[in-house]
Amino acid sequence: MKRLLTAMTVLALVCLTSAVAMAGTTLTYANFPPAQTFPCVQMERWKTEVEKRTEGAVSVQTFPGSTLLGPKNMMRGVMTGQADIGCLSLAYYPGVYPAMSVVNLPVAFTSTEVASLVMWDIFVKYQPKEMKNVKVLTMFTSAPSHVMSKKPIKTLADLEGLELRASGTILQILQNLGAQGVGMPMSQTPEALQKGVVNGLVSSFDVLKDMNFAEICRYETITNLPVYPFAVVMNKARFDSLPEDVKKTLDDLGREQAAWTGRYLDDYTSQALAWSKEKYQVEVLELTDAEHAEIKTKSADLVEAWKEQATKAGYDADALLADMLALKAKYEA
Ligand code: 3IO
C-alpha cells in the first residue's frame, strides 16, 4: 500500500511537471505563404533549432499559409498578440519601413546570403524606430528577382503594357520600363495568374516550383531586379516575459538564421529553375548588355525617391545607403 502511494505520488509529480513545462512556453508563429515556400522552410528550421537549443523548454507552433495571420495584417496581429511571432514581407507596406527598404533598392545583389546579412547588419546598426514596438528575431531577403511570364519577353520592348505582379520598388521599375506593375502579396498571385488579371510576376525563381508557377509562366527572363526584404517579428511583451537564457538563445539565432536562409535560397533557386526546365520545358531568356544598362538607367530615380522618403522619416539617407553599399562590398569580397 505504501509502495503504491509512493508510486502514485511520483506519477502525479511527473504529470504535474510536464504539464507545467507544456503550459510554460509555446510560441505561435504565423506566416502568410504556403508551407513549401522558403519563408516557411526557414520558419520550420528556426522552430527546430529553438526547440533543440532550449531542450524542449520552448515549443513553437507554426501556422503557414495565412492560417493565423495574412500578409497585410501580420505586423498588427503580432503587436496585438494574435500570434507571438510573424513573418513580414516589408514590400507589402509601402513607406512604412524606410530604413530596411534600403535593401530593396536596385543595387544588383547577386547573392541572397549577402543581401540577408547586409539587411541584418543594417538593422543591428540603425535599430529603426518603426520596428521599436516589436522584437525583431531575424531578417532575410528573397533572391534577385526575374520576370516569369506567360508570353516570352524577347526584348525589353515586349514588356510594354504587360501586367506583371510585383511589390515594393519593383512596381516603379516596371512602370519606368513601360510595363503595368500590379501590386499584391505572393499569396494572392496564383488566383491573379489563373484569372488573367496578370500575365506574369517578378520575384525569385523558388516560386516556379513552390507555387508551381512554372506551369503557367513558361518564359523566364533574367532581369536581376531587386530582392524583397522580410522581417520576423515577435510580440515585445511576450519576448520580455521569457527567461533570460531563452532570450539569449533567440538573440544568438538572429544573424545565423539570416545567413542560413540566404544560403538555402541561393541553392534552392537554381534547383527550382532546373526542375522547371525538366518538368515544363520552361525557356530562359537573356537580355543584352545594352538592355541591362537600360534597366539600370531606368531604375536610378528610385534611389532618389527612397532617399527623400528616408530623409522625411528622419534618417541620414546618404549615410544609410553608403553603409549598405559598404556592407555589400565587404560580404561580396
Ligand atoms: C516570396 C514571398 C513569399 C513566398 C515565396 C517567395 N519567394 C520570393 C518572394 C518575394 C516576393 O515576391 C514577395 O512578394 O515577398
Side-chain angles (χ1 to χ4, degrees), residues 20-54 56-94 96-97 100-101 116 119-120 123 127-142 167-168 184-189 210-211 228-243 246-258 260-261 264:
V20 167
M22 271 173 5
T25 313
T26 297
L27 301 176
T28 56
Y29 189 151
N31 218 327
F32 65 93
Q36 64 274 18
T37 60
F38 91 92
C40 293
V41 171
Q42 74 75 37
M43 169 171 77
E44 294 302 327
R45 188 265 175 182
W46 190 88
K47 166 190 161 82
T48 304
E49 287 304 315
V50 168
E51 290 177 350
K52 193 168 76 193
R53 294 177 194 196
T54 61
V58 173
S59 49
V60 181
Q61 198 181 357
T62 57
F63 295 86
S66 298
T67 46
L68 183 56
L69 292 173
K72 297 284 187 96
N73 66 349
M74 194 60 74
M75 190 54 147
R76 182 173 297 272
V78 168
M79 279 170 53
T80 58
Q82 283 175 272
D84 296 318
I85 302 170
C87 175
L88 196 67
S89 174
L90 302 188
Y92 302 168
Y93 302 74
V96 179
Y97 305 106
M100 299 320 304
S101 297
S116 298
M119 190 184 180
W120 179 253
F123 165 71
Q127 298 288 325
K129 58 182 179 308
E130 53 271 18
M131 297 206 163
K132 277 285 185 253
N133 293 328
V134 288
K135 167 71 185 181
V136 174
L137 295 174
T138 191
M139 291 191 165
F140 52 81
T141 71
S142 62
S167 273
M184 75 182 78
M186 180 57 76
S187 35
Q188 285 167 19
T189 307
D210 295 339
M211 305 287 292
Y228 288 81
F230 291 75
V232 177
V233 299
M234 180 170 180
N235 181 280
K236 207 170 168 59
R238 188 81 167 109
F239 181 82
D240 290 339
S241 76
L242 294 172
V246 172
K247 283 188 206 166
K248 184 174 185 321
T249 301
L250 301 194
D251 276 335
D252 289 348
L253 249 174
R255 184 179 189 278
E256 182 193 319
Q257 182 72 15
W260 186 91
T261 305
Y264 167 81

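Heads up: numbering here begins at 1 and tracks the sequence.
Side-chain contact between Pro229 and Met139: absent, with no pair of heavy atoms (C-beta onward) separated by less than 4.5 Å. In this structure, the side chains of Met131 and Leu90 come closer than 4.5 Å at one or more pairs of heavy atoms. Between Leu69 and Phe63, the closest side-chain pair of non-hydrogen atoms is not below 4.5 Å. Side-chain atoms of Lys135 and Leu250, non-hydrogen and from C-beta on, never get closer than 4.5 Å to each other. At a threshold of 4.5 Å between non-hydrogen side-chain atoms, the residues Phe32 and Tyr92 count as touching. Residues Thr261 and Gln257 have side chains in contact (heavy-atom distance under 4.5 Å, counting atoms from C-beta outward). Looking at Pro34 and Met211, their side chains come closer than 4.5 Å, going by heavy atoms from C-beta outward.
The pair Lys47-Glu44 does not count as a salt bridge, with every side-chain nitrogen at least 4.0 angstrom from each carboxylate oxygen. Contact check on Asp252 versus Lys247 returns no salt bridge, with no Lys/Arg side-chain nitrogen under 4.0 Å from an Asp/Glu carboxylate oxygen. Checked for salt-bridge contact, Glu256 and Arg53 meet the test: a charged N lies under 4.0 Å from a carboxylate O.
Judged by distance alone, with hydrogens and angles left aside, the side-chain atoms of Glu51 form a donor-acceptor pair with the main-chain N or O of Val60 at under 3.5 Å. A donor-acceptor distance shorter than 3.5 angstrom exists from the side chain of Ser142 to the backbone of Tyr228, with no hydrogens or angles considered.
When all heavy atoms of Val58 and Thr54 are compared, the pair lying nearest together is N-OG1, 3.2 Å. Summarising the geometry of Gly86 relative to Tyr29, their closest heavy-atom pair is C-CE2, 4.5 Å, with the distance given to 0.1 Å. Between Met75 and Glu130 the shortest heavy-atom distance is CE-O, 4.4 Å.
Counting only residues at least two apart or in different chains, side chain to side chain donor-acceptor pair (under 3.5 Å) contacts with residues 63-75 are absent.
In this structure, CG in Asn31 is found 10.5 Å from CG in Leu68, a value given to the nearest 0.5 Å. For the atom pair CE (Met119) and OG1 (Thr141), the distance works out to 7.5 Å, reported to the nearest 0.5 Å.
Annotation: Lys248, atom NZ; neighbour count of heavy atoms from other residues, nucleotides and ligands within 6.0 Å does not exceed 12.
Taking the six-membered ring for Trp and thresholds of 30 and 60 degrees, Phe230 and Phe140 have nearly parallel ring planes, at less than 30 degrees apart. Under the 30°/60° scheme for interplanar angles, the aromatic rings of Tyr93 and Tyr97 are found to stand perpendicular.
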Inset, instruction - Please assess Val232 against Ile85 for the test side-chain contact (heavy atoms from CB on, under 4.5 Å), listing each intermediate value before the final yes or no. - result: CA-CA 7 Å; Val232 177; Ile85 302 170; 3.6 Å; yes
Inset, instruction - Test side-chain contact (heavy atoms from CB on, under 4.5 Å) on Asn235 and Met79 and set out the steps. - result: CA-CA 5 Å; Asn235 181 280; Met79 279 170 53; 5.6 Å; no
Legend entry - Candidate pair Arg76 and Gln82, rule side chain to side chain donor-acceptor pair (under 3.5 Å), full reasoning: CA-CA 9 Å; Arg76 182 173 297 272; Gln82 283 175 272; over 6 Å; no
Inset, instruction - I would like to know whether Val136 and Phe239 meet side-chain contact (heavy atoms from CB on, under 4.5 Å); could you show each step before the answer? - result: CA-CA 10 Å; Val136 174; Phe239 181 82; over 6 Å; no
Legend entry - Step-by-step side-chain contact (heavy atoms from CB on, under 4.5 Å) determination, Ser116 to Trp260: CA-CA 9 Å; Ser116 298; Trp260 186 91; over 6 Å; no
Inset, instruction - Begin with the C-alpha distance, continue with both residues' side-chain angles, and end with the deciding distance and a verdict on side chain to side chain donor-acceptor pair (under 3.5 Å) for Ser59 and Thr26. - result: CA-CA 5 Å; Ser59 49; Thr26 297; 3.2 Å; yes
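Legend: residues meeting salt bridge (Lys or Arg N to Asp or Glu O under 4.0 Å) with Lys236, ordered by chain and number and at least two apart, are absent.
A side-chain hydrogen bond (donor to acceptor under 3.5 Å, both in side chains) with Arg238 is found for one member of Asp84, Thr28, Thr25 and no other, namely Asp84. When each of Cys87, Pro39, Ser89 is checked for a side chain to side chain contact (heavy atoms under 4.5 Å, CB included) with Pro33, only Pro39 meets the rule.
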